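The block underneath contains the structure these notes are about, expressed in structure tokens.
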Amino acid sequence: MSLLDRGFEPDAIESSLYEWWEASGFFKAGASGEPYSIMIPPPNVTGTLHMGHAFQHTLMDALVRFARMDGKRTLWQMGTDHAGIATQMIVERQLAAKNLDKSALGRDTFIDEVWKWRNESGGEISRQLRRMGSSLDWSRETFTMDAEYACAVREAFVRCHEAGYIYRGKRLVNWDPVLKTAISDLEVESKEEDGSLWHIRYPVVGDDGEFVTVATTRPETMLGDTGVAVHPEDVRFAHLIGKRVRVPIAGREVPVIGDSYVSMEFGTGCLKITPAHDFNDNEVGKRHGLPEINIFDAEAKLTEAAPSHLQGLERFDARKAIVKTLEELGLLAAVESHRVQIPRGDRSGAIIEPYLTDQWFMRMDALRDTAVDAVTDGRIEFVPAHYANLFNAWMRDIRDWCISRQLWWGHRIPAWYDEAGKVYVGRSENEVREKHGLEDAPLHQDEDVLETWFSSSLWTFATLGWPGCPESTAPLRDFHPTSALVTGHDIIFFWVARMIMMTQSLLGEVPFRQVYIHGLVRDAQGQKMSKSRGNGLDPLDLVDGIDLDSLLAKRTSNLMQPQLLPKIERATRKEFPNGIAAHGVDALRFTFAALASTGRDVRFDLSRVDGYRNFCNKLWNATRFALMNTKDYAHGAGDGGLAERWIRSRLATRIKACRRAYAEYRFDWLASNLYEFIWHEYCDWYLEVAKPSLWAAESNPESAAATQRCVLEVLESLLRALHPLMPFITEALWQQVSKRLNIEGDTVMLQPYPVFDQASIDEDATSDFDWMRAVVTFLRTMRSERGLPPGEPLPLLLQGSDSVVATAKLRLQEFEGTIRHLGRASKIVFLDEGAAAPPSAFELVGDMKIMVPLEGVLDLDTERRRIENVIQKAEQALKRTSAKLANSQFLQKAPEAIVLEEQQKAQTLESKLTRLQQEHAALH
RNA sequence: GGGUGUUUAGCUCAGAUGGGAGAGCAUCGGCCUUACAAGCCGGAGGUCGCAGGUUCGAUCCCUGCAACACCCA
């Protein structure tokens, strides 16, 4: 009963419940029922929980908890990603701090270091996921570098290679000269930066004194030029096509070619062609058979392909040197400033160099088509649907995917080379030897690893036992294809598309049936949250609270740009002058749900969390009230009266809405329905109406017992309905409430989710209850508007036709006590229809006039103005409706139901107006 | 340059089938009413970005424009 004594303290309930849930095995994949599965997008093992995770996991956990309660055989698969580059960078940085270098350690020792780091520091995200209440199946936790997972990766590689999807080749790739690895198109971020356009004269061979002036943003690449191109229809240069020009400094003679890729308007209209260091030039070069001359090494320094005095120069030093030489030679025609797109690696920030190397690629043409088909024919559904367009558009333009990386941490490519350099692909060296009869021939394995996204593209099935033997793949049969994928729009291409392609190619089925795309969490100003901006929030700081100094320290430590410190400090002090209060996990989760509408980005607003913490407090206190007033509850109570029928009807309606919200991924509707129901229906009205009945147990024990039963039953249902969003508080409260109702079961999380009950929908009870609310609201508003004390009892007079009075009397049998209690009515008296009423404040509720005599208090002028106001509004409404009804087109074409509705509206308004005008005239 | 999304109360956002507009927060007034002051009661607040079109009727559908955001080149 300690629950009754204390107020709501989230921390006190959250700490113990999760441990108990997990230890009890409640999160483990279910054993019966229709399968429902979600794979967690595996967080990077290097990661710590950020707002995006917290948001995403709240939604996934709600879906999973809902499915589990709804009787599904539910799996929420846990796991983390080895995150090749990110992890390797962290460990390298740690080594650098100890003045160590990975090349000094050697590959094997370095990988041991990475594992050591992972085992010691890689578990932070798991702890945080538990703190958020995520009901993940930890017993199935998978790491993408686990031995079984690695086996699946090799299998996938070999099968794709056998199917002809994977090939090795020398191609132009995006090269990161800092990390010294190839990266994929998606890992390159292009931004416009200030640059220059250099106009350079290339002498025409055999025509002394004639030049072709090319324009370029990268003069240093001229050392690799193997052609100059003009537009074939450009009359200015038509005579040059077929001639040769001499590339200055390099001294090479190259042809002038015509290619429609050249824009006649841009620059000089002449383009130098460097097939080895530009993607577009590479295509032009291929069309015209131009050689590809690689002038850079892996660190983007000039190689022997450059003149000897320039060799070894880094590319931007080379640029300076070359521009200077050109100037001296008089070959620099002009320099203009120019905005250029600079491609940078998303990890290192280094400027990416298109670079010719041997890499492994995945062919996209056939796989692309199967993926697009799966989305087009509805086997995979995007929610919201418009993301399917984005997906298709991207797939249309997709290029072959470079899957090899020059890193050490990751899945090593299962390919071996003999001494002649011939490549063999297989699951293991032994398999390769046997298959190709290589016996003892020296073989060495490919040094490269696979891109991380290659292994994570297998995530939905490699976690379930694939390829495995029949016994170990039972989970695969049960849970694949998975039910839903929940992710942000930023990784549709990185991950979603690749999962669809890989899964279809390897399993012949889709990886998931629905993809719910949620928005990104931004700060209150709509800015992306990031460490470098210093505007990030740690979700657990919202949960547990943090003082200003700690928050400042957190936001300003290890800044990449220390000059931003004062700005960040100012902004933080302004937004959180007192730090952040503790709100509890449930309030934060509910906030995320409430903000999650239609997949758009969300601006995170702390005042919303405040509001939902208050909501938790409300629920807590409502339960305290329920428990306090049902101590003597005994079974066998009746169904109760109108109020009970009303609240049960409202509950049924809300349950229907909740289920629809789950089906449509509208977590905002889910949240608002539950909030409205609990606060404004259950607490504001039902519990208030219940009080007189509960307190009159001695005079009317049956009624009191029925009320107790309804108070408890509705509360118990709504706790179940709310549980997927607010697991902690609902569990703590449900355990108390269920005890009182003698419900079996240890935990709310394994109770059935409430089912919509059509039989509980009760229109009559709803209109009766609404009538009562109108009467009470009149009394309250009337008092408030006239400045009368809210507590002072006032008599209430009712007047109407016989039938109206008869209905009212029936309703009063149930609600007289309620109206006296909630409206502070001293007595309720009926006036004969024709009788003259005393000077009163009045209102029309339907066809009944309700009034409070205010002899002496009433100011006639004020009352008259009040009525005039109401009359004016009614007249306006009537005018609109009459205009419609006078329109023959409307009568002809509008649906009958709408016409009828308008006719009724007009009738009601007319009679109301008549009454109001009578009252107005009577006010003297 | 191409594409997608957004534009509704002071702020953050709903508006589900086209039938004259909703919530939370903030704000104003009144309440220590035996669950809750993290509360209760009541009020005020809108040219639904702009211009056309379709329709009996448009916040909603169509076209154009503007602003903002993101993606691609």
Side-chain angles (χ1 to χ4, degrees), chain A residues 4 7-8 185-186 189-190 279-280 341 384 386-394 396-397 489-490 492-493 519-520 522 524 526-528 581 583 587 591 594-629 657 660-661 664 666 668-669 671-673 675-676 679-680 683-684 687-688 690-691 694-695 711 776-791 821-824 876-877 879-881 883-895 897-899 901-902 905:
Chain A
L4 294 174
F8 172 57
D185 295 347
L186 287 173
E189 287 173 351
S190 282
F279 287 98
N280 290 315
Q341 289 288 332
H386 72 254
Y387 281 108
N389 299 335
L390 181 71
F391 175 83
N392 286 334
W394 184 73
R396 204 171 44 234
D397 298 330
H489 54 72
D490 52 336
I492 291 179
F493 310 136
L520 270 34
R522 298 170 177 280
Q527 298 283 313
K528 213 167 165 174
H583 293 85
T591 308
L595 292 172
S597 56
T598 62
R600 53 192 279 186
D601 289 355
V602 300
R603 286 186 187 216
F604 194 81
D605 184 357
L606 193 63
S607 69
R608 295 290 291 260
V609 199
D610 288 337
Y612 295 126
R613 184 210 37 206
N614 295 354
F615 174 62
C616 290
N617 189 50
K618 186 77 180 174
L619 181 65
W620 185 270
N621 283 300
T623 306
R624 285 181 61 204
F625 172 85
L627 293 173
M628 280 168 153
N629 287 282
R660 181 169 174 196
E664 298 184 23
R666 286 303 301 264
D668 57 331
W669 294 352
S672 64
N673 263 287
Y675 184 97
E676 287 279 313
W679 203 307
H680 298 305
C683 290
D684 284 353
L687 289 186
E688 293 306 324
K691 278 175 183 174
L694 293 170
W695 293 342
V711 163
V776 170
T777 301
F778 159 70
L779 286 161
R780 287 170 171 173
T781 312
M782 190 273 305
R783 260 188 259 261
S784 178
E785 284 183 343
R786 288 167 187 80
L788 297 173
H821 171 69
L822 296 184
R824 305 281 154 146
Q876 276 170 2
K879 212 166 133 191
R880 276 196 301 268
T881 305
K884 271 191 192 176
L885 291 170
N887 183 343
S888 62
Q889 296 280 4
F890 173 74
L891 295 175
Q892 270 171 42
K893 297 187 179 168
I898 298 294
V899 175
E901 200 178 292
E902 289 297 324
K905 208 194 284 177

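Predicted model only: the values in this text are computed from it and were never measured.
Taken to the nearest 0.5 Å, the OG1 atom of A:T781 stands 9.5 Å off from the CZ atom of A:R786. Here the straight-line distance linking atom CG of A:D490 with atom NZ of A:K528 works out to 7.0 Å at 0.5 Å rounding. For the atom pair A:W669 CH2 and A:R660 CZ, the distance stands at 5.0 Å (nearest 0.5 Å). Atom-to-atom distance recorded for A:N614:CG and A:F8:CZ is 10.0 Å, nearest 0.5 angstrom.
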Pairwise N/O distances under 3.5 Å, protein to nucleotides 20-26 of chain B:
{"residue": "B:G24", "atom": "OP1", "partner": "A:H680", "partner atom": "NE2", "Å": "3.4"}

Which pairs, protein N/O on one side and nucleotides 14-17 of chain B N/O on the other, fall under 3.5 Å?
{"residue": "B:A14", "atom": "OP1", "partner": "A:S597", "partner atom": "OG", "Å": "2.4"}
{"residue": "B:A14", "atom": "OP2", "partner": "A:R600", "partner atom": "NH1", "Å": "3.0"}
{"residue": "B:A14", "atom": "O5'", "partner": "A:S597", "partner atom": "OG", "Å": "3.4"}
{"residue": "B:A14", "atom": "O3'", "partner": "A:R666", "partner atom": "NH2", "Å": "3.3"}
{"residue": "B:G15", "atom": "OP1", "partner": "A:R666", "partner atom": "NH1", "Å": "3.0"}
{"residue": "B:G15", "atom": "OP1", "partner": "A:R666", "partner atom": "NH2", "Å": "3.0"}
{"residue": "B:A16", "atom": "N3", "partner": "A:R660", "partner atom": "NH1", "Å": "3.1"}

What are the atom names and distances for every N/O pair under 3.5 Å that joins the protein to nucleotides 42-46 of chain B?
{"residue": "B:G42", "atom": "O2'", "partner": "A:S784", "partner atom": "OG", "Å": "3.2"}

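B:C50 sits 23 Å from B:C13 when the C1' atoms are compared, rounded to a whole Å. Taking atom P on both nucleotides, B:A44 is separated from B:A23 by 12 Å, rounded to a whole Å. With P as the reference atom, B:G2 and B:G64 are 12 Å apart, rounded to whole Å. Only the C1' atoms considered, B:G18 is 7 Å distant from B:A58, to the nearest whole Å. As rounded to the nearest Å, B:C48 and B:C61 have C1' atoms that lie 16 Å from one another. B:A16 and B:U59 are spaced 13 Å apart, taking the P atom of each and rounding to whole Å. One C1' atom belongs to B:G24, the other to B:G15, and the distance between them is 15 Å to the nearest Å. B:U17 sits 42 Å from B:G29 when the P atoms are compared, rounded to a whole Å.
Contacts of A:F778 classified as side-chain contact (heavy atoms from CB on, under 4.5 Å), with partners at least two apart in sequence or in another chain: A:M782, A:L796, A:E843, A:I850, A:V852. For A:H680, the side-chain hydrogen bond (donor to acceptor under 3.5 Å, both in side chains) criterion is met by A:D684, not counting sequence neighbours. Among residues two or more places apart in sequence or in another chain, the side-chain contact (heavy atoms from CB on, under 4.5 Å) test is passed with A:A657 by A:N673. Residues satisfying the side-chain hydrogen bond (donor to acceptor under 3.5 Å, both in side chains) criterion with A:K905, sequence neighbours excluded, are A:E902. By the salt bridge (Lys or Arg N to Asp or Glu O under 4.0 Å) test, A:D668 pairs with A:R666, sequence neighbours left out. A:E901 is linked by a side-chain contact (heavy atoms from CB on, under 4.5 Å) to nothing, counting only residues two or more places apart in sequence or in another chain. A:S672 pairs by the side-chain contact (heavy atoms from CB on, under 4.5 Å) definition with nothing, not counting sequence neighbours.
In this structure, A:K691 satisfies the cation-pi test against A:F625, with its NZ or CZ atom closer than 6.0 Å to the six-membered ring centre and inside 45 degrees of the ring normal.
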With side-chain contact (heavy atoms from CB on, under 4.5 Å) as the test, would you mind laying out the steps for A:R780 and A:L822 before giving the verdict?
-> CA-CA 9 Å; A:R780 287 170 171 173; A:L822 296 184; 4.1 Å; yes
Run the numbers on A:F604 and A:T591 for side-chain contact (heavy atoms from CB on, under 4.5 Å), then give the verdict.
-> CA-CA 9 Å; A:F604 194 81; A:T591 308; 4.2 Å; yes
Would you check, one step at a time, whether the test side-chain contact (heavy atoms from CB on, under 4.5 Å) holds for A:V711 with A:N629?
-> CA-CA 9 Å; A:V711 163; A:N629 287 282; over 6 Å; no
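Within the 4.0 angstrom heavy-atom criterion, base atoms lie near A:E688. A:C616 comes within 4.0 angstrom of no nucleic acid atom, judged by non-hydrogen atoms across all strands. Contact annotation for A:N617: base contact, defined as any heavy-atom pair under 4.0 Å involving a base atom. Within 4.0 Å (heavy atoms only), A:N629 reaches no atom of the nucleic acid at all. At a threshold of 4.0 angstrom between heavy atoms, the contacts of A:R613 include nucleobase atoms, whether or not backbone atoms are also involved.
For the pair A:K893 NZ and B:G57 P, the computed distance is 8 Å after rounding to whole Å. Atom-to-atom, CZ of A:F625 to C1' of B:C40 comes out at 14 Å; the value is rounded to the nearest Å. The separation between A:L891 atom CG and B:G19 atom P is 18 Å, rounded to whole Å. When the P atom of B:G39 is taken as reference, atom CH2 of A:W620 falls 17 Å away, rounded to whole Å. In this structure, A:R603 atom CZ and B:U6 atom P are separated by 15 Å, rounded to whole Å. Taking atom CD on A:E901 and atom C1' on B:G57, their separation rounds to 13 Å, with Å as the unit. In this structure, CG of A:L619 is placed 15 Å from C1' of B:G39, rounded to the nearest angstrom. We find that OH of A:Y387 is positioned 9 Å from C1' of B:U4, with the value rounded to whole Å.
With no hydrogens or angles considered, a side-chain donor-acceptor pair links A:N621 and A:N617 at under 3.5 Å.
The nucleotide whose nearest atom lies closest to any side-chain atom of A:P895 is, among B:G19, B:A35, B:C36, B:G19. Taking every side-chain heavy atom of A:R824 into account, B:U33 is the closest of B:G19, B:U33, B:C41.
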In B/S/- notation (B base, S sugar-phosphate only, - none; protein heavy atoms under 4.0 Å), nucleotides 68-73 of chain B written 5' to 3' is --S--B
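Between the side chain of A:R608 and the main chain of A:L595, no donor-acceptor pair closer than 3.5 Å is present. Side-chain N or O atoms of A:D601 include one that pairs as donor or acceptor with a backbone N or O of A:L520 at under 3.5 Å.
Of the residues near RNA chain B, A:N887 and A:A622, the one whose nearest nucleotide (by heavy atom distance) lies more toward the 5' end is A:A622. If A:L595 and A:F8 are placed on RNA chain B by their nearest nucleotide, the residue sitting closer to the 5' end is A:L595.
Base-pairing analysis of RNA chain B finds the following stems of at least three consecutive Watson-Crick or G-U pairs, with both pairing distances under 3.5 Å: B:1-7 with B:66-72, B:10-13 with B:22-25, B:27-31 with B:39-43, B:49-53 with B:61-65.
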